[in-house]
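What follows is a single structure, written as structure tokens, with notes after it.
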Amino acid sequence: MRYLIHVWCLIPIMMLAGCSQGDKDSTKQAAQTEGFVKDKNTVLLWLFDEEAYPNATITDASVYEIADLWLTSAQLTKGKYGNALVSTDGLNVMYAAYPGQGSLKPRQPDGEPTGLWGPTYTPENLLQALANSELTIEFWLDVAKVPQETACIVDMGRGFEPGFSIFISDRGKKLTVSNPYRALKTEFDLPDALYNTAGFVHLAISTNDKGKGWLFFNGKQTSPAISSETEKVSIPPIESPRENFEDGRGWPELSVEQRKMKRFNVALLQDRKAKQKLSGALDELRISDLIRFGKEGFVPGTYSRNHSAFAWKKPTPTGPPLLLSTEVLHNYDPIENPLLFGKRKHLFVDDKILEAGSIQNAGVVIKPVSIEKAEKTNIEKVNGEWRITFAQDGERKMGIATANYNSSLGLVYYYETQDGIHFEGKPVNMVNYPMGGDLFIDNSPEALENGTRFKMTAYVSARGIYMYTSPDALHWQRNETSVLPLLSGGSAESFYDDQQGHYVTYLKRDASFDNPEAINPGKRVSVRFETRDPYRVWPFKKMAEPYFEYSPFPVVTGEGDTQFILPHGAPGYEQVYRTRVIKYPFAPDTYLSFPWIYQSNSDDRNVAIAHSRDGNDWHIITDPYFVDKGKAREVISCQGLHRHGDELWQYLEFGGAHGRGEREWYRVRIRLDGFFALKSDGPGGKVTTKTLITDGDKLQVNYIAAGGGSLSVEILDEKGSVIPGFSEEDCKPLKGDDIAGEVQWRNARFDSLKGKKIKLRFAMNNTEIYAFEIL
């Protein structure tokens with residue numbers, strides 16, 4: 001069976017500038033080196049920089065971002081810049097797609113659902129350019145052998161009606177541009193160097209309002225063109241998919257061939273009937289509605305930001321090295337290899353920082369939240385939008401909601417709040433109406449410089465997972481390639497890791513497939529993907545038999561690392577539905593997740609909590625659940641947090657089981673760092689940390705010493721002996737409740753311990769410790 005190939009894009013799409021118009025000389029042909037600019041004259045730009053996987057999308061990287069393609073059996077190979085399309089013996093016809101959202105209900109450009117899952121929308125800017133008085137089409141071409149018969153480079157039009165084409169004929173001697181939309185045919189002599197030059201050559205073809213044409217070969221103008229008139233054909237109507245609307249999920253009673261006749265079809269390296277094949281590779285095809293090349297000509301550089309000198313840099317980690325990763329703990333030695341703590345905050349989500357055997361009458365416990373204290377917000381769904389994801393930029397508390405699979409109108413809504421209860425929203429323009437988008441902030445220096453600090457990963461209908469970027473969370477651009485050629489039954493939950501300098505996204509894997517290549521089939525889990533360069537296709541494992549279910553391209557199964565597997569319970573009983581993963585923004589070495597746990601016996605979903613020290617090795621706690629939902633049927637967590645002073649605001653969604661019924665959004669308040677606590681219910685609680693080397697002036701503790709309780713800290717050397725002046729008796733006890741209580745000793749200063757190997761011993765009497773910080 002032949003498949004298609006989809007890939008997703010999420011970077012600002014920008015074009016190279018420069019190129020003169022008309023017959024004027026190109027005096028600033030090297031303007032491309034001046035940087036990337038938006039170029040509205042570029043009506044189509046295919047870079048072919050995706051990964052070949054069944055049904056990957058070839059992304060239109062023009063500013064219009066509309067003429068995306070599905071790749072059938074054609075493959076991708078090493079190109080002039082990045083990847084290139086390579087011809088094969090199979091059917092590699094590609095069909096122009098259209099802006100959409102949802103796997104089952106793609107959308108028209110106005111956001112209305114079409115009911116059709118096949119690409120049907122005709123790119124208006126492209127059609128107008130083909131009928132324009134001035135036109136330039138350019139590309140890099142590597143011809144494998146001289147064609148002995150007519151061979152097509154480009155062929156496009158509605159169905160199999162006459163359309164725009166470029167083909168080689170006369171045993172490789174002639175290149176013809178047939179453009180019935182302008183009633184014009186232009187013929188050029190091809191230089192022998194096309195076949196004698198190793199690797200890619202650049203071809204640029206321009207025609208003007210008088211029918212005159214020019215061919216530039218590797219930047220030099222060749223012999224004059226011969227133009228003639230042909231029968232004029234009207235450009236296809238700017239056809240809305242709504243005009244072919246069908247209730248249901250497809251084209252009932254229509255064969256594949258009948259569907260082709262209803263679409264604007266595009267074929268590269270062959271004609272639309274999968275004949276007239278050209279053996280070779282094609283890269284960076286651009287169509288413009290003006291003349292780009294003057295008499296002198298020039299050889300352009302890449303039109304891809306990713307492969308140019310202006311490529312966005314990979315992030316520089318700004319956080320401290322991981323303190324408690326598996327590798328660090330494996331190499332830990334209290335004398336020879338202590339933990340390099342430096343200055344940082346440590347949350348007690350587990351006991352990994354504690355010396356083995358040092359815990360007495362204490363332990364780490366979960367601190368559940370109860371919906372009895374939840375406060376209802378004014379958030380309401382707008383035309384079926386998806387759930388809000390929350391982020392914070394300084395004092396600006398914001399959220400973004402994209403549409404869901406079945407909403408009546410594609411949209412993106414931006415929200416702000418001051419009190420966490422009352423939200424004000426407004427629509428935001430994002431191409432393709434992304435679904436299930438998750439907003440996160442990239443605080444790397446490079447993202448701030450690039451204007452890409454605000455990022456969103458999202459699923460786009462019939463295309464895959466894309467990244468969008470913004471300098472302000474209000475004005476967004478899609479990346480020039482997709483990030484993953486996959487469908488997920490939910491959002492792409494992502495974060496930037498400032499300690500490891502990489503990006504992570506989690507996709508939900510459904511329970512309906514049976515793929516022996518994937519781990520633990522038959523249960524919902526999460527699949528993790530990671531990259532240091534978010535603007536290119538993210539690394540993924542290619543399945544020998546990708547899984548197809550309700551989409552024309554693969555549903556995620558085992559393409560990434562399978563995580564969040566619940567081993568207990570019968571198959572299908574408890575499953576992870578969403579991860580809601582964040583890197584905790586107020587302390588390093590802390591990764592948290594608030595996964596929805598689906599119970600198939602009741603159809604309910606509950607909120608658990610999970611923690612990790614590296615964002616990869618997770619421990620899930622479902623007994624008890626993190627959210628005590630009381631008598632509510634279903635409570636699920638929203639992505640992200642807000643901070644207000646010394647408390648955190650987390651948002652929950654209430655409603656009927658499995659998302660049914662009316663939905664309401666609530667805010668719960670959580671103590672800063674207060675997801676877990678190191679707890680002692682009475683006197684005699686003691687714990688000792690592993691050996692640390694610190695670099696701070698003081699020690700602070702986030703704690704509660706209730707009912708007359710107290711907390712003291714003594715400091716030991718690496719061999720376990722108390723350092724003089726830092727004994728428990730020398731410590732001034734901490735009492736009451738403090739987010740940042742400073743630990744002091746009567747006759748010693750903490751800053752005297754800089755660079756020394758020390759252990760902290762906490763003496764607890766009816767105390768909860770949430771975190772300690774050396775600063």
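Everything quoted here is computed from the prediction, not taken from an experiment.
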Do the rings of Tyr651 and Phe390 sit parallel, tilted or perpendicular, given the 30° and 60° boundaries? parallel

Non-neighbouring partners of Glu517 that pass side-chain contact (heavy atoms from CB on, under 4.5 Å), sequence neighbours left out: Asn515, Met543, Ala544, Glu545

Non-neighbouring partners of Asp617 that pass side chain to side chain donor-acceptor pair (under 3.5 Å), sequence neighbours left out: none

For His307, all residues meeting ring-ring contact (aromatic ring centres under 6.0 Å, His included), sequence neighbours excluded: none

Can you find a side-chain donor-acceptor pair between Tyr535 and Thr452 that sits under 3.5 Å? yes

Electrostatic pair Lys679-Asp681, nearest N-O below 4.0 angstrom: yes

Residues 582-597 vs salt bridge (Lys or Arg N to Asp or Glu O under 4.0 Å), sequence neighbours excluded, gives Arg344-Asp589, Asp498-Lys583

Near Asn331 CG, under 6.0 Å, is it more than 12 heavy atoms from other residues, nucleotides or ligands? yes

Tell me every residue that passes side chain to side chain donor-acceptor pair (under 3.5 Å) with Ser612, counting only those two or more places apart in sequence or in another chain. Asp614

For Tyr332, the ring-ring contact (aromatic ring centres under 6.0 Å, His included) test, sequence neighbours excluded, returns none

Residues 357-364, side-chain donor-acceptor partners within the protein, below 3.5 Å, at least two apart:
| residue | atom | partner | partner atom | Å |
| --- | --- | --- | --- | --- |
| Ser358 | OG | Glu355 | O | 2.8 |
| Ser358 | OG | Thr688 | N | 3.2 |
| Ser358 | OG | Thr688 | O | 3.0 |
| Asn361 | ND2 | Gly684 | O | 3.2 |

Parallel, tilted or perpendicular: rings of Trp618 and Tyr591 (30°, 60°): perpendicular

Side-chain H-bond candidate by donor/acceptor type, Ser470 with Asp472, under 3.5 Å: yes

By salt bridge (Lys or Arg N to Asp or Glu O under 4.0 Å), Asp350 pairs with (sequence neighbours left out) Arg613

Consider only side-chain N and O atoms of Glu480 and Thr59, and report whether a donor and an acceptor are under 3.5 Å apart. no

Results of ring-ring contact (aromatic ring centres under 6.0 Å, His included) for His611 - residues two or more places apart only: His619, Phe676

Side chains of Tyr577 and Gln575: is there a donor and an acceptor less than 3.5 Å apart? no

Evaluation steps, side chain to side chain contact (heavy atoms under 4.5 Å, CB included), between Leu329 and Lys690: CA-CA 10 Å; Leu329 292 178; Lys690 290 179 168 62; 4.2 Å; yes

So does Lys313 have more than 12 non-hydrogen atoms from other groups sitting under 6.0 Å from NZ? no

Taking only residues two or more places apart in sequence or in another chain, which ones pass salt bridge (Lys or Arg N to Asp or Glu O under 4.0 Å) with Arg669? Glu375, Glu647

What pairs with Lys754 under salt bridge (Lys or Arg N to Asp or Glu O under 4.0 Å), at least two apart in sequence or on another chain? Asp697

May I ask you to decide if the ring planes of His346 and Phe772 are parallel, tilted or perpendicular, using 30° and 60° as cut-offs? tilted

Does Glu742 have any salt bridge (Lys or Arg N to Asp or Glu O under 4.0 Å) partners at least two apart in sequence or in another chain, and if so, which? none

Lys343, NZ atom: more than 12 neighbouring heavy atoms under 6.0 Å: yes

Take the angle between the ring planes of Tyr506 and Phe564 and call it parallel below 30°, perpendicular above 60°, tilted in between. perpendicular

Could you check whether Phe594 and Phe675 have their ring centres less than 6.0 Å apart? yes

Nearest-0.5 Å distance that lies between atom NZ in Lys719 and atom NZ in Lys757: 9.5 Å

